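Beneath this line is the structure, given in structure tokens, with notes to follow.
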Amino acid sequence: MALLERKDMADVNNNINNNSSTGTEVPSNMTIYINNLNEKIKIDELKKALHAVFSQFGKILEILAFKTLKHKGQAWVVFEDVQSASNAMRQMQSFPFYDKPMIVSDLFPSEIYIFQMAGKKKKDQHDTNQVGVGMTPAYGGAYGTTPPLSQIPYLGGVKSMVPEAPAPPNSILFIQNLPNETTTMMLQMLFQQYAGFKEVRMVETKPGIAFVEYGDEMQSTVAMHALQGFKLQQNSMLITYAKK
DNA sequence: AGCACA
């Protein structure tokens, strides 16, 4: 059953690709739609944060978000393949993001949108200037069994190789191997999910590291284990106790 | 609330 639906999805995918006999590259962009996003966040930061949090599911081709009245609080994340989109939708459902649970849904097959993907043209052309078809097949019904939401983004194949903590337990965690673009807010979103969260401190002069403080050592330990190895972009976070 | 180009 589930396998059949998987296969159907693959067929949709292939059809899209096969239909691209027009000479134009027509990627099958598997897009998810997100709303209930915090509208106070600037578009640029929002996109970066979405990328940071969704890239663990697969290659992201594009993230769209606008600040027009009609499109506030919403975003589209275009994945390279449908499996990534599908996983992202299930696993990030209700993920607390800037203090609001994000609502993630698929787009229906009837909603086929044309995008410009690569080689964006200038807007001297009109609505017909677009290249590439973005659509998401109706895989929505394919998972009757949405897994219980662990607020922790799924770690995928990342095995929880929790390194032997060299430092003794500390209510302050030391985070390493962060992408340079990581912001305080991104980390806050991840770490504030765990009880006792107090604050994130980044060291401007030293990119790639941060300190996250909890109320006590037990709380920091829970968060450390939960987020150990969490992938931001390509980087797996390394979390240890801060030195006293 | 608001499903595609600040």
Side-chain angles (χ1 to χ4, degrees), chain A residues 5 8-9 12-13 15-17 19-20 22 24-55 57-144 146 149 153 181 183 185-186 189 233:
Chain A
E5 280 156 332
D8 291 345
M9 293 195 299
V12 172
N13 225 343
N15 289 339
I16 296 169
N17 288 327
N19 287 343
S20 65
T22 56
T24 319
E25 288 294 311
V26 181
S28 47
N29 310 310
M30 298 314 172
T31 306
I32 53 174
Y33 169 73
I34 305 163
N35 68 348
N36 199 41
L37 294 168
N38 189 325
E39 297 170 21
K40 295 201 276 277
I41 311 307
K42 288 186 290 296
I43 293 296
D44 208 55
E45 181 185 345
L46 182 71
K47 286 189 179 181
K48 279 190 185 142
L50 285 170
H51 194 280
V53 141
F54 275 102
S55 60
F57 300 103
K59 176 141 193 244
I60 292 173
L61 299 181
E62 189 167 23
I63 297 181
L64 301 168
F66 317 100
K67 61 182 182 199
T68 47
L69 342 314
K70 198 176 171 198
H71 303 298
K72 279 164 89 129
Q74 300 157 75
W76 288 258
V77 177
V78 186
F79 284 95
E80 187 171 59
D81 59 88
V82 67
Q83 204 55 57
S84 305
S86 162
N87 289 339
M89 185 175 106
R90 292 201 324 281
Q91 289 155 24
M92 295 303 284
Q93 198 56 258
S94 305
F95 181 77
F97 195 67
Y98 292 106
D99 297 324
K100 299 181 69 175
M102 57 167 68
I103 296 170
V104 188
S105 57
D106 54 349
L107 296 176
F108 298 107
S110 57
E111 302 179 72
I112 299 178
Y113 289 98
I114 314 274
F115 296 118
Q116 305 175 211
M117 292 307 301
K120 284 187 185 286
K121 295 170 193 153
K122 288 290 162 57
K123 38 183 134 174
D124 51 74
Q125 309 180 48
H126 340 283
D127 296 328
T128 52
N129 66 354
Q130 296 126 333
V131 190
V133 171
M135 78 172 273
T136 305
Y139 52 78
Y143 18 82
T146 298
L149 171 68
E181 309 77 42
T183 64
M185 275 308 304
M186 289 179 200
M189 290 183 304
Q233 277 132 238

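Since the model is a prediction, treat every value here as computed from it, not as a measurement. Here is how names work: the chains are called A, B, and so on, in the same order as the sequence lines, proteins then strands, and each is numbered from 1. The basis for the numbers below is simple: all heavy atoms, side chains too, and nothing from hydrogens, waters or symmetry mates.
In this structure, Lys72(A) places its NZ atom 15 Å from P of dC3(B), rounding to the nearest Å. If you take CE of Met102(A) and P of dA1(B), they are 19 Å apart, rounded to a whole angstrom. When the P atom of dC3(B) is taken as reference, atom CE of Met30(A) falls 22 Å away, rounded to whole Å. The distance from atom CZ of Phe66(A) to atom P of dG2(B) is 17 Å, rounded to the nearest whole Å. Atom NZ in Lys100(A) sits roughly 9 Å away from atom P in dA1(B) (whole-Å rounding). Between Asp44(A) atom CG and dC5(B) atom C1' there is a gap of 15 Å when expressed in whole angstrom units. Lys67(A) has its NZ atom 5 Å from the C1' atom of dA6(B), to the nearest Å. At whole-Å resolution of the value, NZ in Lys70(A) and C1' in dC3(B) are 8 Å apart.
Sequence order on DNA chain B of the closest nucleotides to Leu69(A) and Ala65(A) puts Leu69(A) first from the 5' end. If Ile43(A) and Gln74(A) are placed on DNA chain B by their nearest nucleotide, the residue sitting closer to the 5' end is Gln74(A).
By the 30° and 60° cut-offs, the orientation of the rings of Trp76(A) relative to His71(A) is perpendicular.
Once rounded to the nearest 0.5 Å, the distance linking CG of Asp106(A) with CE of Met30(A) reads 11.5 Å.
The His71(A) side chain lies nearest to dC5(B) when the options are dA6(B), dG2(B), dC5(B). Here the side chain of Leu64(A) is nearest to one of dA6(B), dC5(B), dG2(B), namely dC5(B). Listed candidates were dC3(B), dA6(B), dG2(B). Nearest to the side chain of Tyr33(A) is dC3(B).
His51(A) pairs by the ring pair (Phe, Tyr, Trp, His ring centres under 6.0 Å) definition with nothing, not counting sequence neighbours.
Within the structure, side-chain hydrogen bond (donor to acceptor under 3.5 Å, both in side chains) contacts touching residues 36-46 of chain A (residues at least two apart or in different chains) are Asn36(A)-Lys100(A), Glu45(A)-Tyr98(A).
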